[in-house]
Amino acid sequence: MSKNLVIVESPAKAKTIEGYLGKDFTVKSSFGHVRDLTKGDKAIDVANNFTPTYIISEDKKDVVRDLKKLAKESDIVWLATDDDREGEAISWHLKESLDLNDSKIRRIVFREITKNAILGAIENPRTIDQDLVNAQQARRILDRLVGFEMSPLLWKKIKTGLSAGRVQSVAVRLVVEREREVEAHDAKALYKVNGIFLLDKGKLLNAELNKRFNTEQEAQTFLEACQKSEFSVKELEKKPGKKSPTAPFTTSTLQQEASRKLSFSVAQTMTLAQRLYEAGKISYMRTDSVNLSQFALDAAQTAITNAYGAEFHHKRIFKTKSESAQEAHEAIRPTDFTVQTVGGERNEQRLYELIWKRAIASQMADAQLEKTVATIGISQTSEVFIASGEVIKFEGFLKVYLESNDDEEDEAETEAKGMLPPIDKGQILNLDQIRAIERYSRPAARYTEASLVKKLEELGIGRPSTYAPTISTIQKRMYVEKENRDGRERKLNELVLKAGKIEQHTVIENTGQEKMKLFPTDLAMVVNDFLVEHFPTVTDYSFTAQVEKEFDLIAEGKTKWQTMLKGFYEPFHKRVEETQNIERSTINTGKTLGVDPVSGETIIARLGRYGALVQIGEADEEKGIKPRFASLRKGQLIENITLEEALDLFKLPRETGIYEEEPMVVAIGRFGPYVRHAGKFYSLKKEDDPYTIDEVTSIAIIEAKRKADAEKLIKEFPEDPEAKVLNGRWGPYIAFGKLNIKIPKDREPSSVTYEEILVWSEGVTAKPSRWGKKAAPAAKEPAKKKAAAKKSTAKKPATKKAATKKAATKKAVVKKEVPEKAPAKKKAVAKKKAVAKKKSK
DNA sequence: CAGTGAGCGAGCTTCCGCTTGACTT
């Protein structure tokens with residue numbers, strides 16, 4: 001038995017280290033924190049100087065038991081948790097929960113997993129830094145106090161189950177405020193002018209005017225001047241330039257690049273990286289450090305020299321810009337630079353390549369460029385055209401990697417820069433054409449998951465291990481939704497000067513399209529406004545940075561942690577108490593939209609128990625007045641709704657008539673307009689392009705007729721109530737339990753016998769009727785049918801019912817008739833529906 | 001899926017940071 005027990009945080013790390021140390025060392029992992037505050041609201045005894053009560057986490061009981069046993073058998077326990085605040089606290093919690101004496105423990109730290117680093121650490125043990133531990137305790141306790149006092153306030157004043165916290169509430173605030181910024185953006189159009197000049201041998205020179213015009217008139221005046229002008233190269237300047245590589249990845253930059261280049265969500269990136277880490281392919285993936293170990297620097301140098309030549313290598317040491325960085329680990333890098341392919345899933349490989357390239361490139365030479373700028377004069381005006389080109393003289397790191405850009409802003413502006421065609425100073429240029437086109441200013445971009453992480457990191461909020469969970473939490477709480485949005489068309493005015501004539505065109509561009517962006521919900525707006533109003537300190541963007549400074553003072557032994565907490569908690573708790581007393585109804589008063597022109601009553605939009613709604617009138621019991629309500633459509637925000645849109649929502653619901661003796665009602669529900677007929681609902685969902693009332697009415701008739709036809713019974717069988725011949729949308733068919741069976745063409749449907757059904761049902765495949773739901777009790781079905789259904793379930797995935805149906809109904813509206821026949825592909829949908837209906841009975 | 005919508009209210013929810021596993025179809 002070995003005499004030394006080394007405890008690290010991660011099992012993968014333990015495995016690596018065990019190899020570096022001799023037989024006398026057993027290396028085990030704590031799997032992160034082993035103790036935490038107790039669950040309820042009594043974990044912190046505020047009155048007793050914030051005394052915390054800790055408990056061994058449920059999922060760590062086995063870990064602690066095993067470690068305790070090993071520790072007993074060892075002479076020395078080496079606490080080798082991470083070299084940061086949390087790591088120090090883990091060591092302390094280990095000491096406490098393993099009942100270890102100070103004399104038996106050694107605290108060691110290393111920031112890279114290399115043999116030298118670890119042996120060096122063993123040579124230089126120290127004791128647990130209680131000040132640092134106390135800084136962690138203060139952090140932990142403050143977060144608990146903030147989260148567990150603000151959240152219940154939200155339950156009481158807004159909605160149960162909500163949450164608030166130092167990190168998540170600021171993340172939500174960022175999304176909310178960005179949305180308002182986008183909404184408030186006043187797009188201004190300027191005329192951007194491009195000139196194209198004809199050179200010898202059919203070559204073209206593209207140049208942009210150094211000025212943009214505010215109005216069409218100014219652009220017109222400019223083009224008129226150009227009509228009479230001569231163009232010449234006034235200046236031609238060549239200058240060298242260079243580009244340098246960026247630092248190797250941290251968690252945050254990895255998430256950003258994987259999002260931009262590979263379209264991964266931050267959670268997806270972390271899962272893949274975790275797998276690479278556990279397979280020993282990359283270094284630790286939760287890090288805020290851009291530092292590479294000496295071992296890695298050397299390995300990169302060798303790899304670069306061998307692959308590209310020594311001139312491509314350039315040793316670089318990067319420094320973190322982030323003040324909040326704790327740098328307990330290296331940057332994210334391959335463990336072996338000579339490995340370019342890792343096995344496993346395709347996305348693992350793609351992420352690995354990204355990590356490999358970025359780390360290699362960070363140790364490569366600058367790219368050398370030559371920039372050429374030509375200034376083209378216009379004889380009749382003082383403006384000039386600028387043509388610029390860029391040529392790569394030496395690739396350097398660009399051979400491997402180019403970082404992508406977050407700012408879509410410039411996307412339209414930056415054309416791919418290549419070499420300029422050969423021109424000389426003083427040369428007269430022949431004009432091909434000049435185009436002056438409107439360009440609208442863009443609002444700030446909505447956040448993606450990754451760009452929100454970047455922003456949080458800049459503000460010092462959250463840690464590498466919590467970025468992905470935080471992003472998930474705010475979506476789980478329904479504060480934020482990740483969505484695609486279609487853009488809308490916008491008409492642009494364009495003036496073109498060509499062959500001496502000025503012509504005006506209209507160009508159509510698609511604008512406002514969004515892909516996987518974060519949108520705040522109405523709930524987020526209400527919660528955020530409530531928190532910002534009553535807790536301006538905690539929701540301030542700089543709150544974390546400020547308390548971090550105080551935690552640092554604790555870590556340096558300059559402040560007592562209880563003193564710091566007291567300073568924060570007293571005013572905070574006072575605000576909580578004050579806020580307890582405010583009226584619920586004053587929080588979500590909603591937005592007054594205006595007055596109903598018919599009744600003269602006020603119309604407001606607010607958040608109700610079941611979602612956003614518009615309301616006409618206030619309740620007045622004395623007068624017996626009841627307000628009327630209507631739901632907002634999905635995707636519609638209270639923030640943005642106008643009076644006209646609100647009135648629109650009240651136009652429906654209405655009675656549209658009677659069909660087959662049942663009244664038919666069209667209404668707008670939470671998820672859009674629908675038709676209700678004979679106790680059944682027909683969805684008319686469509687977000688951006690709502691149906692008109694006429695369309696809705698005709699759809700209602702078509703849908704009701706179709707349903708009625710589909711229900712028509714042709715024949716029943718006394719042998720089995722589950723067997724029926726029905727008249728479906730596309731003709732008669734046999735419904736046999738969950739199976740829908742085709743009737744042979746030459747058969748008269750009414751003469752089908754039960755024996756034939758049994759024969760025909762052999763080998764017939766059915767659509768799975770309830771995808772993703774719990775299976776029905778199987779005993780109800782005869783064994784034969786069950787087998788057939790099961791076989792089919794495994795074989796075929798469910799079709800997208802809603803989408804197909806929508807497409808079909810929309811088509812029907814245009815034609816204003818019931819489709820008699822449909823392509824074979826759609827039959828499946830009808831079948832499925834019949835099955836679903838059966839189930840609901 | 002879909003309607004409803006203040007009020008009464010049992011007993012529940014919730015924070016941030018460390019780290020990986022695993023109920024079964």
Side-chain angles (χ1 to χ4, degrees), chain A residues 8-14 29-37 39-41 43-44 57 59-60 62-63 81-82 84-90 93 136 139-156 159-169 271 274-275 277-278 284 286 326 328 461-467 469-470 473 477 538 544 583-585 588-589 606-615 618-619 621 626-631 634 653 665 667-676 679-685 772 774-775 790 793-794 801-802:
Chain A
V8 295
E9 291 181 33
S10 144
K13 206 171 176 179
S29 144
S30 75
F31 295 83
H33 274 291
V34 293
R35 285 206 312 185
D36 192 14
L37 294 171
K39 265 196 170 156
D41 51 3
I44 300 152
S57 312
D59 56 334
K60 297 296 164 52
D62 292 350
V63 174
T81 52
D82 291 352
D84 58 17
R85 195 166 66 204
E86 296 295 329
E88 202 68 21
I90 291 175
H93 281 302
Q136 191 275 346
R139 197 279 306 155
R140 179 69 190 92
I141 292 168
L142 181 137
D143 280 337
R144 169 60 68 86
L145 291 170
V146 167
F148 276 38
E149 293 209 6
M150 290 203 313
S151 297
L153 209 50
L154 295 180
W155 306 342
K156 195 172 163 193
K159 198 181 161 186
T160 76
L162 295 177
S163 65
R166 173 176 59 82
V167 173
Q168 61 169 281
S169 294
T271 306
Q274 176 89 27
R275 271 190 238 153
Y277 168 67
E278 283 170 14
Y284 196 59
R286 291 187 276 262
Q326 307 199 2
I461 299 170
R463 302 280 312 132
S465 67
T466 59
Y467 293 141
T470 300
T473 300
R477 298 270 177 277
V538 175
T544 292
E583 274 294 316
R584 221 183 113 92
S585 57
N588 177 24
T589 46
R606 65 179 174 85
L607 199 62
R609 219 159 25 123
Y610 306 103
L613 60 91
V614 283
Q615 174 182 344
E618 299 262 346
E621 274 188 35
K626 277 191 174 176
R628 284 164 58 216
F629 304 98
S631 295
K634 190 168 168 16
V665 177
I668 290 195
R670 176 76 185 121
F671 302 103
Y674 64 94
V675 178
R676 195 173 71 227
K680 297 206 168 60
F681 294 88
Y682 309 99
S683 173
L684 308 172
K685 181 166 68 182
K774 266 191 191 166
K790 201 171 174 184
T793 312
K801 178 177 156 190

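In what follows, every chain begins at residue 1, and chains take the letters A, B, ... in the order their sequences are listed.
Within the 4.0 angstrom heavy-atom criterion, base atoms lie near A:S151. Among the atoms of the strands shown, none is found under 4.0 Å from any heavy atom of A:G87. At the heavy-atom level, A:R35 lies nowhere under 4.0 Å from the strands shown. Using a 4.0 Å heavy-atom distance criterion, A:A164 is classed as a sugar-phosphate-only contact. Using a 4.0 Å heavy-atom cutoff across all strands shown, A:V146 reaches no nucleic acid atom at all. A:R85 comes within 4.0 angstrom of nothing in the nucleic acid, heavy atoms only. The residue A:T544 sits apart from the nucleic acid: no heavy atom pair falls under 4.0 Å.
For B:dC15, the OP1/OP2 oxygens have a side-chain nitrogen or oxygen of A:Q168 closer than 4.0 Å. When the side-chain nitrogen and oxygen atoms of A:R477 are compared with OP1 and OP2 of B:dT14, one or more of them lie within a distance under 4.0 Å.
For the atom pair CZ (A:F31) and CG (A:D62), the distance works out to 10.5 Å, reported to the nearest 0.5 Å. Taking OG1 from A:T160 and CG from A:L154, the interatomic distance works out to 11.0 Å, rounded to the nearest 0.5 Å.
A:V34 has its side chain out of reach of A:I90: every pair of non-hydrogen atoms, C-beta onward, lies at least 4.5 Å apart. The shortest side-chain heavy-atom distance between A:Y284 and A:K13 does not fall under the 4.5 Å cut-off. Put simply, the side chain of A:R477 does not reach to within 4.5 Å of the side chain of A:L162, judged on heavy atoms.
What separates OH of A:Y467 from C1' of B:dC16 is a distance of 13 Å, to the nearest Å. In this structure, A:R140 atom CZ and B:dT14 atom C1' are separated by 11 Å, rounded to whole Å. The CD atom of A:Q615 sits 8 Å away from the C1' atom of B:dA6 (whole-angstrom rounding). Rounding to whole angstrom units, CG of residue A:L142 and P of B:dG17 are separated by 11 Å. The interatomic distance linking A:L613 (CG) with B:dA6 (C1') rounds to 11 Å, in whole Å. Straight-line distance from the CZ atom of A:F148 to the P atom of B:dT13: 9 Å, rounded to whole Å. Atoms NZ (A:K39) and C1' (B:dT14) sit 12 Å apart, rounded to a whole Å. A:L37 has its CG atom 13 Å from the C1' atom of B:dT14, to the nearest Å.
Of the candidates B:dC15, B:dG17, B:dA6, B:dC15 carries the atom nearest the A:R144 side chain, counting heavy atoms from C-beta on.
A:S465 and A:R286 form no side-chain donor-acceptor contact under 3.5 Å, judged by distance and modelled atom types alone. Side chains of A:R35 and A:S57: no donor on one and acceptor on the other come within 3.5 Å. No hydrogens or angles considered: nothing links the side chains of A:Y277 and A:R275 as a donor-acceptor pair under 3.5 Å. Side-chain atoms of A:S29 and A:E9 form no donor-acceptor pair, as typed in the model, at a separation below 3.5 Å.
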List every contact pair, protein side and nucleotides 18-22 of chain B side both N or O, where the distance is under 3.5 Å.
from, atom 1, to, atom 2, distance (Å)
B:dC18, OP1, A:R463, NE, 3.2
B:dC18, OP2, A:S465, OG, 2.6
B:dC18, O3', A:E9, OE1, 3.1
B:dC18, O2, A:H33, N, 2.5
B:dT19, OP1, A:Y284, OH, 2.3
B:dT19, OP2, A:Y284, OH, 2.8
B:dT19, OP2, A:R286, NE, 3.0
B:dT19, O5', A:Y284, OH, 2.9
B:dT19, O4', A:G32, N, 3.4
B:dT20, OP1, A:S10, OG, 2.8
B:dT20, OP2, A:Q274, NE2, 3.0
B:dT20, OP2, A:R286, NH2, 2.7

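With C1' as the reference atom, B:dT13 and B:dG9 are 15 Å apart, rounded to whole Å. B:dC16 and B:dC12: their P atoms are spaced 23 Å apart (whole Å).
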Verdict with supporting geometry, A:E86 and A:H33, side-chain hydrogen bond (donor to acceptor under 3.5 Å, both in side chains): CA-CA 8 Å; A:E86 296 295 329; A:H33 274 291; 2.8 Å; yes
Secondary-structure notation, DNA chain B, from Watson-Crick and G-U pairs under 3.5 angstrom (| other strand): .........................
